[in-house]
There are 4 protein chains.
Amino acid sequence: MFELDLRSRKPIYEQLVEKLKQLIIHDVLKADEKLPSVRDLAQQLTINPNTIQKAYRELESQGYIYSVKGRGSFVHPVEKDANEEELKKVREELKKLFSEAIYLGMTAEEIHALLYEVERGKEDDSSTATS
Amino acid sequence: MFELDLRSRKPIYEQLVEKLKQLIIHDVLKADEKLPSVRDLAQQLTINPNTIQKAYRELESQGYIYSVKGRGSFVHPVEKDANEEELKKVREELKKLFSEAIYLGMTAEEIHALLYEVERGKEDDSSTATS
Amino acid sequence: MFELDLRSRKPIYEQLVEKLKQLIIHDVLKADEKLPSVRDLAQQLTINPNTIQKAYRELESQGYIYSVKGRGSFVHPVEKDANEEELKKVREELKKLFSEAIYLGMTAEEIHALLYEVERGKEDDSSTATS
Amino acid sequence: MFELDLRSRKPIYEQLVEKLKQLIIHDVLKADEKLPSVRDLAQQLTINPNTIQKAYRELESQGYIYSVKGRGSFVHPVEKDANEEELKKVREELKKLFSEAIYLGMTAEEIHALLYEVERGKEDDSSTATS
DNA sequence: GTGGTCTAGACCACC
DNA sequence: GTGGTCTAGACCACG
């Protein structure tokens, strides 16, 4: 399904959270779709089940998935504009990164190109997923 | 001078690194300007000197400051195009943030506006510094 | 495993960095091989764990090893041509040493012989490792 | 006469030692030539006299200069093959550097080219100095 | 007075 | 068990 970098200094469970977030964001995992069970995913990735569970718990608390006892975890349907709190964080992060990028010599054009690239990528993903 | 969240999951020294980086980037701390001494800052923030030094050392290895035994720590003048490695990290981060921002409902226009805002801010800083 | 000079003017952690670097360079410690744990090495060398960690962290930032919380520290596989920055330092050092060696009476032939010797050593190492 | 990098993490007195060594090695300062007085050099470089003296002391103990009370410091005439001890150190250093250079991807040819360059440079220096 | 090193010992996060 | 962070406090090297 996807790859983890066991060498990375980033904890495995965080990598999992990020990857799954990306899959949800890019609509590979659709709203209300069931996520793989903790045990399955653990076996598939040859990783400790506790680690998977920690990731799922984190995703749940961030509002990306919801869990139903005895049935599993599912993708939380998006509520646009809902999480103003999350948005605020993202905006702050963007500001920081922008100033750092500029300081390191990137031009606004380069940054914009990057944004365009990501935007295009998203469209491509959805179309691929839809087709 | 600035605030730290001692309870945060993020290590104190990392918070320090970030804050100081921002001050340097935004030209509040100018090139070759002396940073507060390890001991002073430690006392001021009621934090152990070792923690400050860890932050300073990190900043040094990232090329933002330089430290001289017996004299103090100073802001390292920018070397344009120098840190391709750092830039690579920043680009990756930007991509991730862009897709997350879009997912949360931000439009490319909003993001661009944010970039413009930061860019303007930088210009103001420099003009102030130059004048 | 190896010896340190606790009286030396050179800091212990730097000596450690050098020694470990040499072990990695000469393929005694192979790619992705686990280094001794911070605590073990500390006990073995009767040195404070913090000192070991400082060495490990330095090696990590220089790209020779990577450390993962809860799992240990490992030798980082070589990325050819990666560290142009490191190379630059090495070239400068070589130049200085060459002029000093010549001053002290070494001939270019002697120096070259030394280089050849080291080169042969490396080949032997690899062939041993490969066989 | 020459430049010091006050920003460098290397102590000033060590930089002085290195620079003066280079001047002696490259025959810019000839055998038995008088070095500038501590006070003069200190004023010229706007540096603490103590720092100069420390450098001179170091050079003396390494056998590069000798001091005569009340008269000053002078370049020590070379005794070829004399300092087998120094040579041994240099050879060890060369070996270390060679293996590191090779590890980082330099070829024997590149290293040899560097040696040739330094050798040529030395000849040029002497001829310049002689002319 | 400056940064830098080192120790001893505690506690946390991860797996 | 692993690495990572932090404190308290001592001592050194530098200018």
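Within every chain, numbering begins at 1; the chains are lettered A, B, ... in the order of the sequence lines, protein sequences first and strands thereafter. Keep in mind it's a predicted model, so treat the numbers as computed, not measured.
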Q) Between B/Tyr64 and B/Leu20, is any pair of side-chain heavy atoms under 4.5 Å apart? A) no
Q.
A side-chain contact here means heavy atoms from C-beta on lying under 4.5 Å apart; do B/Asp32 and B/Val75 qualify?
A. no
Q. If you write DNA chain E from 5' to 3' in dot-bracket form, with Watson-Crick or G-U pairs under 3.5 Å, [ ] for crossing pairs and | for pairs with another strand, what do you get?
A. ||||||||||||||.
Short side-chain to backbone donor-acceptor contact, [X] and [Y], under 3.5 Å:
| X | Y | answer |
| --- | --- | --- |
| C/Thr46 | C/Gln43 | no |
| D/Gln44 | D/Leu41 | no |
| A/Thr51 | A/Asn48 | yes |

Whole-Å distance between [N] [atom2] and [X] [atom1]?
| X | N | atom1 | atom2 | result |
| --- | --- | --- | --- | --- |
| B/Leu6 | E/dC12 | CG | P | 15 Å |
| D/Arg7 | E/dG3 | CZ | P | 18 Å |
| C/Glu58 | F/dG4 | CD | C1' | 17 Å |
| A/Leu4 | E/dC14 | CG | P | 15 Å |
| C/Asp5 | E/dT5 | CG | P | 16 Å |
| D/Leu41 | F/dG15 | CG | P | 14 Å |

Q | Interatomic distance, C/Leu87 atom CG to D/Leu104 atom CG [nearest 0.5 angstrom] | A | 5.0 Å
Just to confirm, is there a sub-4.0 Å distance from OP1 or OP2 of [N] to any side-chain nitrogen or oxygen of [X]?
| X | N | value |
| --- | --- | --- |
| B/Gln53 | E/dG4 | yes |
| B/Ser37 | E/dG1 | no |
| C/Arg57 | F/dT5 | yes |

Q. Quick one: what's the B/S/- string for nucleotides 6-14 of chain F, heavy-atom cutoff under 4.0 Å, read 5' to 3'?
A. BBBB---SB
Q. Which pairs count as salt bridge (charged side-chain N to carboxylate O under 4.0 Å, His left out) when at least one residue sits in residues 4-24 of chain C, sequence neighbours excluded?
A. C/Lys10-C/Glu18, C/Glu18-D/Lys96, C/Lys21-D/Glu100
Q: Take the angle between the ring planes of C/Phe74 and C/Tyr66 and call it parallel below 30°, perpendicular above 60°, tilted in between.
A: parallel
Q. Should the ring pair A/Phe98 and B/Phe98 be called parallel, tilted or perpendicular, given that the plane angle runs from 0 to 90° and is split at 30 and 60?
A. tilted
